[in-house]
2 protein chains.
Amino acid sequence: MPNDLDTVFAALADPTRRAILAMLLEDDMAVTDVAEPFEMSLAAISKHLVILTKAGLISQEKRGRVKWCKLEPDALRTASVWMQGFGQFEPVNLDAFERFLEIELPTPDEA
Amino acid sequence: MPNDLDTVFAALADPTRRAILAMLLEDDMAVTDVAEPFEMSLAAISKHLVILTKAGLISQEKRGRVKWCKLEPDALRTASVWMQGFGQFEPVNLDAFERFLEIELPTPDEA
DNA sequence: GGATTGGTCAACCATTTGGTTGAATATGCG
DNA sequence: CGCATATTCAACCAAATGGTTGACCAATCC
């Protein structure tokens, strides 16, 4: 499922994928154009795009024979909120953050 | 090298490690106590702690025969800054966080 | 000193990850 | 139609990941 923290963080852990996200920040791009600056096969990039899509970080839409890739910031927001909770627990509202964690914590299986 | 985005995000991608971070948010803990709630060996937890340490997310200090683990939120801030660098979301506001709590997550009875 | 507790190390294993190549599947173009 | 373009699929591979177990070191207690 999209926006799952496991998949989002795993997707972000690869420098190629972060570079792709940075490129898509500029504009939507076709798969071939995404692949162009990288020194790896198109198939490899295609796999990376699948991973980013499954993480909900991008969406892909096929128009004609071209598949367009678009940044989807919502999944990033989820992860960002999670992280910022740690970084900023001093100011206040530790309680709310810990309630959030208790929701996230007991899901090792993720049905 | 701590605070490298690859290692930070990779460390965060594992639910056990995120749970450990959440526990350390409460207080510093000894390795054995960190391991206690998990259904895996102490050695496995020890490995997770090494990964978190290498990512700079925690620090470990040995006092006597007990090794204490301490949350180090700076690495998280680094990653958070990276996301803000190309994300549109503002650096934390608690409003967004609480909206997240209410909307993005199903509200459990126990929390 | 000897047993116990806290934690890591080393070897091992299964699974996942990130890449390759070559064939296959659209779609668009002349 | 026939060919080029865009993208994925499938099989394969090496390396990394996440776990196990048993041996090992270091500190503490009696």
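For clarity, every value in this text was computed on a predicted model and none was experimentally measured. Proteins get letters first, then strands, A, B, ... in listed order; numbering begins at 1 in each.
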Derivation of the side chain to side chain contact (heavy atoms under 4.5 Å, CB included) call for Arg17(B) and Phe9(A): CA-CA 12 Å; Arg17(B) 290 192 289 265; Phe9(A) 281 129; over 6 Å; no
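- The side chain of Arg17(A) places an N or O atom within less than 4.0 Å of a non-bridging phosphate oxygen (OP1 or OP2) of dG18(C).
- Between Glu61(B) atom CD and dA27(D) atom C1' there is a gap of 16 Å when expressed in whole angstrom units.
- Checked options Gln60(B), Arg63(B), Lys62(B); the residue passing with Trp68(B) is Arg63(B) (criterion: side chain to side chain contact (heavy atoms under 4.5 Å, CB included)).
- Taking only side-chain atoms of Val66(A), from C-beta outward, the nucleotide of dG7(C), dT7(D), dT21(C) with the closest atom is dT7(D).
- Going from atom CZ of Arg18(A) over to atom P of dG18(C) covers 12 Å, rounded to whole Å.
- Rounded to an integer number of Å, the gap from CH2 of Trp68(B) to P of dT8(C) is 14 Å.
- Between Met40(A) and Lys47(B), the residue whose closest nucleotide on DNA chain C is further toward the 5' end is Lys47(B).
- A donor-acceptor pair under 3.5 Å is formed between the side chain of Thr53(B) and the backbone N or O of Leu49(B).
- Taking atom CD of residue Glu36(B) and atom P of nucleotide dT5(C), one finds them 16 Å apart after rounding to whole Å.
- Considering only side-chain atoms of Val31(A), the nucleotide from dG7(C), dG22(D), dT7(D) that sits closest is dT7(D).
- Both Leu42(A) and Arg63(B) sit near DNA chain D, but only Leu42(A) has its closest nucleotide nearer the 5' end.
- For Asp14(B) and dT16(C), the CG to C1' distance is 13 Å, given to the nearest whole Å.
- In the set dG19(C), dT8(D), dG6(C), dG19(C) carries the atom at the smallest distance from any side-chain atom of His48(A).
- Under 4.0 angstrom from either OP1 or OP2 of dT7(D) there lies no side-chain N or O belonging to Ser46(A).
- Judged by distance alone with a 3.5 Å cut-off, no donor-acceptor contact links the side chain of Arg65(A) to the base of dA6(D).
- Rounding to whole angstrom units, CG of residue Leu52(B) and P of dG18(D) are separated by 11 Å.
- With hydrogens and angles disregarded, a donor-acceptor distance shorter than 3.5 Å links the side chain of Arg18(B) to the backbone of Leu12(B).
- Distance, Lys67(B) NZ to dC9(C) P: 7 Å, rounded to whole Å.
- In this model, no side-chain donor or acceptor of Lys62(B) finds a partner on the base of dG7(C) within 3.5 Å.
- In this entry the distance linking CG of Leu12(A) with P of dT17(C) reads 15 Å, nearest Å.
- Residue-level contact check: Ala30(B) touches the backbone only, with heavy atoms under 4.0 Å from sugar-phosphate atoms and none from bases.
- Distance check: Asp4(A) CG to Lys54(A) NZ gives 13.0 Å after rounding to the nearest 0.5 Å.
- Residue Ser41(A) has no polar side-chain atom (N or O) positioned under 4.0 Å from OP1 or OP2 of dG19(C).
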